[in-house]
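This report refers to the structure that appears directly beneath it.
Nothing here was measured: the structure is a model prediction, and the numbers come from that model.
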Amino acid sequence: MTAFKSDFMNVLQSRGFIHQISDPDSLDALAAKGEVVAYVGYDCTAPSLHVGHLLSIMMLHWLQATGNKPIALMGGGTTRVGDPSGRDETRKILSYEQIDANKESIKGTFSKFITFGDGHSDALMADNAEWLTKLNYIEMLREIGRHFSINRMLTMDSVKLRLDREQELSFIEFNYMILQSYDFVELARRYKCNLQMGGSDQWGNIVTGVDLGRRMGTHQLHALTCPLLTTASGAKMGKTAAGAVWLNGDMLSPYDYWQYWRNTEDADVGRFLKLFTLLPIDEIERLAKLQGAEINDAKKILATEATALMHGRDAAEKAEATARTTFEQGGTAQDLPSVEIARAELDAGIGVLAAFAEKTGLVASNGEARRQIKAGGLKVNDAPVTDEKMTLTTTDLSADGVIKLSMGKKKHVLLRLA
């Protein structure tokens, strides 16, 4: 391990955030003096960020916690182009109205992790639409485009991998790295920004920005990337069979968010505690050593601490209590995710396949529901479903006025009368 002088670099290293750094000694010296101004860019492709974005948000948190200044850059401009990194197909072009709506929906996430204000290390939020949408194309070619080599651009992973797979790369996407590089220069000029952070798939784009800054006469710029996280079994972080693990509570409930972390693989518990909680390293190392059934206690701590950061301590403890009631005590917790249905619909009867697939989304399709029934994986009110033609009616309502649908041991939804 490298011996850094600054708290910022030591924290990132000890917690597993560092993948590549362009000039470690220079960046460490700036951080030791509290002079790092760093940004991470977030495109507005959906109404919420997801767990895959959490790594860079935590890096912004630790940057501020060690006396340096974070910038959350909203991609109001770059989202209009679309980042080709890690993709085999062109991103869907969103309307300007949709981009703006997504941007507003995303903004609130950051205040949970960093503090905004006017002080030395207070965070600020910027939007690259402010300068990118005002660029004149001819001037951009003359002032910015002349610094880019097509030969070099073709070697970047975001371009090369797409071409190697013989997948189409549109001209609009090819321009993305130019815009991202210019963002770095613009932030350097406006806010004295000197570091861009991101996932390892962004390394090429970030160092291109460092080079553009040198060519356009800014102060020295730096690049730092974190590893792209996969689970111990090789799955990509932030994706589940049910879809993305969203950060906004209206797109994924705090309970489901808690469950996501509770279901962490044993081999990942220590690593995720370092990356996604604020617990001290010595406490994390103690928890990571737990074996057998005790590792579940560490997973619950991970789930509660990660959920508390995102949704608040009360929501995290409520989610933990709901899980305890549901799994350990065999009860029906009223705080489980629920779906409202009309009494008339329930009076007429709802097929069990439709209840699990269409109504609750516990399974992806009727076919999947049939397979789960044959495997004994579906339950209604804790009783295994054995007949795929079963119909749910008002007679299935519990004393609490709900019908509890379960897939496996950990996925539950309540059908509740509207």
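We find that Glu294 and Lys299 are not joined by a salt bridge, their nearest charged nitrogen and carboxylate oxygen being 4.0 Å or further apart. The pair Glu368-Arg371 meets the salt-bridge criterion, since a charged nitrogen lies less than 4.0 angstrom from a carboxylate oxygen. Salt bridge Lys411/Asp256: absent, no basic N to carboxylate O contact under 4.0 Å.
Taken from CD1 in Ile373 to CZ in Phe356, the straight-line distance is 7.5 Å, to the nearest 0.5 Å. Here the straight-line distance linking atom CG of Leu362 with atom CG of Leu378 works out to 8.0 Å at 0.5 Å rounding. Rounding to the nearest 0.5 Å gives a distance of 12.0 Å between CD of Glu285 and CG of Leu279. Between the CD1 atom in Ile341 and the CG atom in Leu415 there is a gap of 4.5 Å [rounded to 0.5 Å]. To the nearest 0.5 Å, atoms CZ (Phe110) and CG (Leu124) are separated by 12.0 Å. In this structure, OG1 in Thr225 is found 5.0 Å from NE2 in His19, a value given to the nearest 0.5 Å.
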For a salt bridge (charged side-chain N to carboxylate O under 4.0 Å, His left out) check, start with the C-alpha distance between Glu283 and Arg286, then their side-chain angles and the critical distance, and finish with the verdict. CA-CA 5 Å; Glu283 172 66 4; Arg286 182 189 71 80; 3.0 Å; yes
Check the pair Arg262 / Asn296 against side-chain contact (heavy atoms from CB on, under 4.5 Å), numbers first and verdict last. CA-CA 8 Å; Arg262 168 64 181 83; Asn296 289 324; 3.6 Å; yes
TODO: Output, in order, the C-alpha distance, side-chain angles, deciding distance and verdict of side chain to side chain donor-acceptor pair (under 3.5 Å) for Asn102 and Thr45.
DONE: CA-CA 7 Å; Asn102 289 346; Thr45 52; over 6 Å; no
Quiz item: Does the pair Glu317 and Arg324 meet the rule for a salt bridge (charged side-chain N to carboxylate O under 4.0 Å, His left out), with working shown?
Solution: CA-CA 10 Å; Glu317 291 176 352; Arg324 189 164 54 247; over 6 Å; no
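The main-chain N or O of Phe148 is never found under 3.5 Å from a side-chain atom of Arg215 such that the two would form a donor-acceptor pair. A donor-acceptor distance shorter than 3.5 angstrom exists from the side chain of Thr360 to the backbone of Ala355, with no hydrogens or angles considered. Side-chain atoms of Asn248 do not come within 3.5 Å of backbone N or O of Met251 as any donor-acceptor pair. For Asn381 (side chain) and Lys404 (main-chain N/O), a donor-acceptor pair under 3.5 Å exists by modelled atom type. A donor-acceptor pair under 3.5 Å is absent between the side-chain atoms of Lys359 and the main chain of Leu353, judged by distance alone. One N or O on the side chain of Arg146 and one on the backbone of Arg142 form a donor-acceptor pair closer than 3.5 Å. Of the possible donor and acceptor atoms, none in the side chain of Asn10 sits under 3.5 Å from a partner among the backbone N and O of Asp7. Side chain of Asn128 to backbone of Gly77: a donor-acceptor contact under 3.5 angstrom is found. In this structure a side-chain-to-backbone donor-acceptor pair under 3.5 Å is present from His219 to Cys193. Side chain of Asn194 to main chain of Val36: no donor-acceptor pair is present (N/O by atom type, distance under 3.5 Å, no hydrogens or angles).
By the 30° and 60° cut-offs, the orientation of the rings of His311 relative to Tyr257 is perpendicular.
Looking only at side-chain heavy atoms (C-beta outward), His222 and Val210 stay at 4.5 Å or farther from each other. Between Leu302 and Thr277, the closest side-chain pair of non-hydrogen atoms falls below 4.5 Å. With contacts defined as side-chain heavy-atom distances shorter than 4.5 Å, the pair Leu27/Leu224 qualifies.
Between Ser181 and Gly209, the closest heavy-atom pair is OG-N, 3.4 Å. Across all non-hydrogen atoms, the minimal contact from Val363 to Ala369 is CG2-CB, 3.8 Å. The shortest heavy-atom contact between Leu63 and Lys69 is CD2-O, 3.2 Å. Across all their heavy atoms, Leu275 and Arg15 have their closest contact at CD2-O, 3.1 Å. Across Trp203 and Ser22, no two heavy atoms sit closer than the pair CH2-N, 3.6 Å. Taking all atoms of both residues into account, the shortest heavy-atom contact from Arg271 to Leu229 is NH1-CD2, 3.1 Å.
With respect to Asp127, the salt bridge (Lys or Arg N to Asp or Glu O under 4.0 Å) criterion is satisfied by exactly one of Lys103, Lys107, Arg190: Lys103. Each of Ile99, Leu94, Leu49 was compared with Cys44 under the side chain to side chain contact (heavy atoms under 4.5 Å, CB included) criterion, and only Ile99 meets it.
Donor-acceptor pairing under 3.5 Å is recorded for the side chains of Gln220 and Asp23. Neither side chain, Asn68 nor Gln64, offers a donor N or O lying under 3.5 Å from an acceptor on the other. Side-chain atoms of Gln202 and Gln196 include no donor-acceptor pair closer than 3.5 Å. Judged by distance alone, the side chains of Asp268 and Thr231 never bring a donor and an acceptor atom under 3.5 Å apart. Under 3.5 Å, the side chains of Thr307 and Trp261 contain no donor-acceptor pair of N or O atoms. Between the side chains of His412 and Ser406, a donor-acceptor pair is found at a separation under 3.5 Å. Counting only N and O atoms by type, the side chains of Thr78 and Asp183 include no donor and acceptor under 3.5 Å apart.
Counting non-hydrogen atoms of neighbouring residues, nucleotides and ligands closer than 6.0 angstrom, the CZ atom of Phe116 exceeds 12 such neighbours. Counting non-hydrogen atoms of neighbouring residues, nucleotides and ligands closer than 6.0 angstrom, the NZ atom of Lys192 reaches no more than 12 such neighbours.
Aromatic ring centres of Tyr191 and Tyr39 lie farther apart than the 6.0 Å criterion allows.
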